[in-house]
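Because the structure is predicted, anything quoted here is derived from the model rather than measured. As the structure lists them, so they are numbered: ligands from 1, and atoms in each ligand from 1. Residues take their numbers from the sequence shown, with the count starting at 1.
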Amino acid sequence: MDYDKLAELLFPNITKTPEDYEKEYPPRDLPEGAMVTRMAPSPTGFIHLGNLYGALADERLAHTTGGVCFLRIEDTDEKREVEGAVPVLLDTLSYFGISFDEGANKDGESGAYGPYTQSKRAEIYQAMVKHLIRQGKAYPCFMTEEELDEIREEQKAAKLDPGIYGSYARHRDLTYEEVEARIKAGEEFVIRLRSNGDASRYFKVSDAIRGTISMPENVQDVVILKKTGLPTYHFAHVVDDHLMRTTHVVRGEEWMASVPIHVQLFEAMGWPVPVFCHNTVLMKIDEETGQKRKLSKRKDPELSLEYYKKQGYFPEAVREYLMTILNSDYEEWRIANPDADYRTFAFSPSKMSDSGTLFDLSKLNDVSKDVLARKSAEEIYDFMTGWAEEYHPDLYRLFTENKDMLLKVFDIDRGGEKPRKDLVYAEQIFEFIKYFFDDHFVYESEWPAEVSAEDRREILRRYIEGYDPSDDNQAWFEKIRGITADMGYAVKPKDFKKDPDMYKGHVGHVSGVVRIAVTGRASSPDLWTVQQIMGPDMVRSRIEKAMER
Ligand code: GLU
């Protein structure tokens, strides 16, 4: 067979060669050890936590080594493509602090290694395929869907591995004339790799997360170019990551099984194999079964990144949590360096997990509490306002009209040695502070059982009588104590505990009545401080309202 002639027959319009592209996309001029990574999503419109997890790894690996991280859009599967998915992807990633040095962006793309959208690279893939055909390493296959189904059935019945290999690769050795006749007859074809693999032979490949892996060679004549003239994932990955000079391919572990195909393709092209970094899927403990399982799009709203935006998680908190599950010693590092920028942490693929990473929302909430405890009241206010503007226009007005008050609310016990850690995410923060707004005030707690309804009204009556907003915290509390003693409650809780028959209750029950009247809740930050922020009008009206109950 004259392969040159075959290549011309199949790709008459392709004139460029791999050498041309080697010149066009030369090795990058980067310092020793700099990593080039990429995020390579399909524009399906759904961007999830796993994508962010991978993107953060890509971004950190590149940027801690002085390398480059780029975005490539893998849109060769038209069935999965969704209009407008790319801007959503970029916005979401940038919201979480991920930005790329080059590749697809909102204005199109930037960088010297593009196009970065696979559908615009058809000519490049075809030139590479043409090269393989010239060398006899690839061939056209005209098998129809029916024929492929038939083969699949036959293999199933005989309990053989599925796929096109050995004698099933029926079009491996068509003559030039046969190919020409089929093309003239308008038959469609794909291009398959002519595999030279042997399943009994093993090869080694290095994975920066999993170490050196030994796998059997690929024997399948996999499709590398589809009928549409666009490549399969396998071939696109090899061509793009070579020409874009990717050094580290961070991707999901579901691609592990395809590594033999990829290595064979790199070798067929005569190109070095990049370092693979196969990360793990995110798992969770199923609430019902208590078993570890993959996060699922259908069952787990927290898989979607939109969930975190809507709930109003600080992007930094989500990122901080992902860092703790991405690198095993991050948490330890953070304890030793509470105020350090996460970018100064020595991120490494070898510290990434190689088996199902556990994602735990309550752990994320804990991390978020720590992150928020380090923020200023102003930062919290600004974030809350931005969140409300997007998701709660009603609250947006409330927040902007009450800025001064909110700044004081967010400032309660902020800073200092032991800052309060009760703010987690915007939705929760609003729930936590909503009693500062009359329209959102509700009684959430039961009145203390130790206090009769009659006593409760009497406590509140005396309280309002003696209430003076200019009292300091101590003077204020003295008044509470006075009411406590006068009404037959113990001023010291321990006296009540010692001798419960002597008293109706203790000071905590009395102040509890006032607290519930003012905040609707049995627990709140320091009540005196809360009232100073509310101002006397609100305090009085709350007490009056409670007296009517
Ligand atoms: N487009 C592939 C995916 O979304 C990319 C895998 C890779 O990073 O190579 O799964």
Side-chain angles (χ1 to χ4, degrees), residues 35-62 67-82 85-86 88-90 92-93 98 100 102-104 109 113-122 125 205-210 213 222-224 226 228 230-266 269 271 273-282 294-297 303-305 326 349 352 357:
M35 295 184 190
V36 179
T37 60
R38 83 295 191 278
M39 183 186 191
S42 303
T44 60
F46 181 63
I47 157 144
H48 58 79
L49 199 64
N51 299 131
L52 181 62
Y53 174 81
L56 188 55
D58 279 320
E59 191 271 343
R60 282 296 78 215
L61 290 174
V68 172
C69 178
F70 65 87
L71 177 67
R72 179 170 74 223
I73 303 300
E74 307 216 324
D75 61 346
T76 60
D77 188 354
E78 297 100 77
K79 280 181 273 177
R80 298 175 61 205
E81 198 170 332
V82 168
V86 175
V88 170
L89 178 95
L90 286 161
T92 309
L93 289 172
I98 308 281
F100 299 95
E102 62 182 55
E109 60 174 53
Y113 289 82
Y116 295 89
T117 298
Q118 288 183 333
S119 57
K120 298 191 180 133
R121 300 172 62 79
Y125 304 120
V205 66
S206 75
D207 185 299
I209 298 175
R210 291 154 201 265
I213 305 170
V222 291
V223 175
I224 56 176
K226 298 187 276 192
T228 54
L230 285 172
T232 53
Y233 167 77
H234 304 310
F235 196 60
H237 147 58
V238 169
V239 171
D240 292 349
D241 284 320
H242 174 70
L243 290 183
M244 296 178 184
R245 310 291 171 178
T246 307
T247 64
H248 289 69
V249 173
V250 181
R251 62 183 178 186
E253 67 185 348
E254 67 274 18
W255 294 111
M256 279 281 288
S258 310
V259 165
I261 298 171
H262 303 156
V263 168
Q264 198 176 34
L265 285 170
F266 277 110
M269 291 301 305
W271 295 336
V273 181
V275 179
F276 292 111
C277 308
H278 288 102
N279 63 26
T280 59
V281 285
L282 296 178
K294 266 200 213 169
L295 277 171
S296 117
K297 185 173 169 183
L303 181 61
S304 152
L305 287 176
L326 267 170
M352 284 170 72
T357 303

Give me the ring orientation class for His237 and Tyr233: parallel if the planes are under 30° apart, tilted from 30 to 60°, perpendicular past 60°. parallel
Ser42 neighbourhood, listing ligand 1 atoms whose heavy-atom distance to it stays under 4.0 Å: 1 (N), 4 (O)
Under 3.5 Å, is there a donor on one side chain and an acceptor on the other for Asp240 and Tyr113? no
Is Arg210 paired with Glu253 through a side-chain N to carboxylate O contact shorter than 4.0 Å? yes
With a cutoff of 4.0 Å, is Met39 in contact with ligand 1, counting heavy atoms of the residue only? no
Working for ring pair (Phe, Tyr, Trp, His ring centres under 6.0 Å), residues Phe276 and Trp255: CA-CA 10 Å; Phe276 292 111; Trp255 294 111; over 10 Å; no
Tell me which protein heavy atom sits closest to atom 9 (O) of ligand 1, plus the residue, atom name and distance to 0.1 Å. Tyr233 OH, 2.4 Å
With Tyr116 as partner, the option from Arg121, Arg38, Glu102 fulfilling side-chain hydrogen bond (donor to acceptor under 3.5 Å, both in side chains) is Glu102
Polar-atom distance check: Glu74 versus ligand 1, any N or O pair below 3.5 Å? yes
Where is the nearest protein heavy atom to atom 10 (O) of ligand 1: which residue, which atom, and how far? Trp255 NE1, 3.4 Å
What residue and heavy atom of the protein are closest to atom 5 (C) of ligand 1, and at what distance? Ala40 O, 3.1 Å
Which of the ligand 1 atoms, numbered from 1, are nearer than 4.0 Å to a heavy atom of Arg38: 7 (C), 8 (O), 9 (O)
Select one of side chain, backbone, both or neither to describe which atoms of His237 lie under 4.0 Å from any atom of ligand 1, heavy atoms only. neither
Exactly one of Thr117, Thr246, Asp241 clears side-chain hydrogen bond (donor to acceptor under 3.5 Å, both in side chains) with Arg72, and that residue is Asp241
